[in-house]
There are 2 protein chains.
Amino acid sequence: MSRLTSQRQAILDLIRSSDTHWEAESLARELADRGQSIGIATVYRGLAALEELGLIDSIQFGGKKRYERIDKGHHDHLVCTGCGSIEEFIHPQIERLQQAAAEQKGFVMTGHQLVIYGLCPACAAQHPVAGG
Amino acid sequence: MSRLTSQRQAILDLIRSSDTHWEAESLARELADRGQSIGIATVYRGLAALEELGLIDSIQFGGKKRYERIDKGHHDHLVCTGCGSIEEFIHPQIERLQQAAAEQKGFVMTGHQLVIYGLCPACAAQHPVAGG
DNA sequence: GTGAGTGCAAATTTTTTGCACTGCG
DNA sequence: CGCAGTGCAAAAAATTTGCACTCAC
């Protein structure tokens, strides 16, 4: 059905070789910098195909879709609203409770997206809470 | 600072009088239907202003921003991928654990967004799991 | 009369699509 | 050969911005 062409292989290699949460555009730019220039439409189609194949993961927040390695296993994201840095975390109990919350409403849970916004340690130090 | 103009009052009234998760466009259409036609840019600016003032709430998923009443208190969302219906739920324990997860990484949590995807009871009945 | 708000249309941003072309199987 | 994939550019969708104008204080 889907072919793993050289372009898609390049996209996959780049994603697999980094811990970055790639957006289509920056991924295309990085590939271009490496001499593997790929049309932006092909990048979008390639990312969708790779996700469909279960080879990469995606998260959406801040109005943009981002892709990352899938071999890190499931995790959620902690986004710093100060500097934009992204931390990952996994909280098994939250996972379980989400299942429970869905079931409580009679839903069959198929997925979820949890993004916690806040200030990372560095930014929190620069933005002291009122009174500091 | 921000003025609560007649346009913004109309937006606020509409949101407060319903349990809908409004998108800018459908809200503008509904207002137009009621004879209160407001420019789409004004709707966007008004929604942003009302959110800033803490008068309405927003959630973002599916690439779109949605606005809803704030007086329902905090809650998260359960979105049916079959029919698009949205259920709300609140799970105090999940809230608490999110705080804990953020703290574990040294973050000061300022907000979060949790969307659980799944099939609502009606859609689940129509999409029996393999084996059914 | 000043500044925030409005409305239109144009611009932006992210993503998708049409279409002719290419290349693997 | 045939069809999925590619690349370009145009289209689409959601949102923002420029600009002249208006209105409330």
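All heavy atoms count here, side chains included; hydrogens, waters and symmetry mates do not. Order of the sequence lines sets the chain letters (A, B, ...), proteins ahead of strands, with each chain counted from 1. Here the structure is a predicted model, which means the values were calculated and not measured.
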Check the interface with nucleotides 13-19 of chain D: list each N/O to N/O pair with the protein under 3.5 Å, or write none.
residue : atom : partner : partner atom : Å
dA14(D) : OP1  : K64(B)  : NZ           : 2.9
dT15(D) : OP1  : K65(B)  : N            : 3.0
dT15(D) : OP2  : Y44(B)  : OH           : 2.7

If the sugar-phosphate is the primed atoms plus P, OP1 and OP2 and the base is the rest, what is the B/S/- string for nucleotides 20-25 of chain C, using protein heavy atoms under 4.0 Å? ---BB-
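- The only member of R69(A), R8(A), R45(A), K65(A) that meets salt bridge (charged side-chain N to carboxylate O under 4.0 Å, His left out) when paired with E51(A) is K65(A).
- Going from atom CD of E51(A) over to atom P of dT15(C) covers 12 Å, rounded to whole Å.
- Between L14(B) and Y67(B), every side-chain heavy-atom pair lies at or beyond the 4.5 Å cut-off.
- Between H77(B) and H21(B), the angle of the ring planes goes over 60°, which puts this pair in the perpendicular group of the 30/60° scheme.
- The aromatic rings of H112(B) and H74(B) stand perpendicular to each other, their planes meeting at an angle above 60°, with 30° marking the opposite boundary.
- Scanning residues 4-18 of chain B for heavy-atom distances under 4.0 Å to DNA chain C yields T5(B), Q7(B), R8(B).
- Looking only at side-chain heavy atoms (C-beta outward), L4(B) and L50(B) come within less than 4.5 Å of each other.
- Distances shown here put a side-chain N or O of T42(A) below 4.0 Å from the OP1 or OP2 atom of dG7(D).
- The structure places CZ of R16(B) at 5.5 Å from CG of L55(B), a figure rounded to the nearest 0.5 Å.
- Per the geometry, CG belonging to L53(A) stands 13 Å off C1' belonging to dA4(D), to the nearest Å.
- Put simply, the side chain of V43(A) does not reach to within 4.5 Å of the side chain of W22(A), judged on heavy atoms.
- Atom CD of E87(B) sits about 5.0 Å away from atom CZ of F107(A), to the nearest 0.5 Å.
- Look at CD1 on I59(A): it is 16 Å from C1' on dT14(C), rounded to the nearest Å.
- Side-chain atoms of L114(A) and Q98(A), non-hydrogen and from C-beta on, do get closer than 4.5 Å to each other.
- Within the 4.5 Å cutoff, no side-chain heavy atoms of I15(B) are placed close to those of T20(B).
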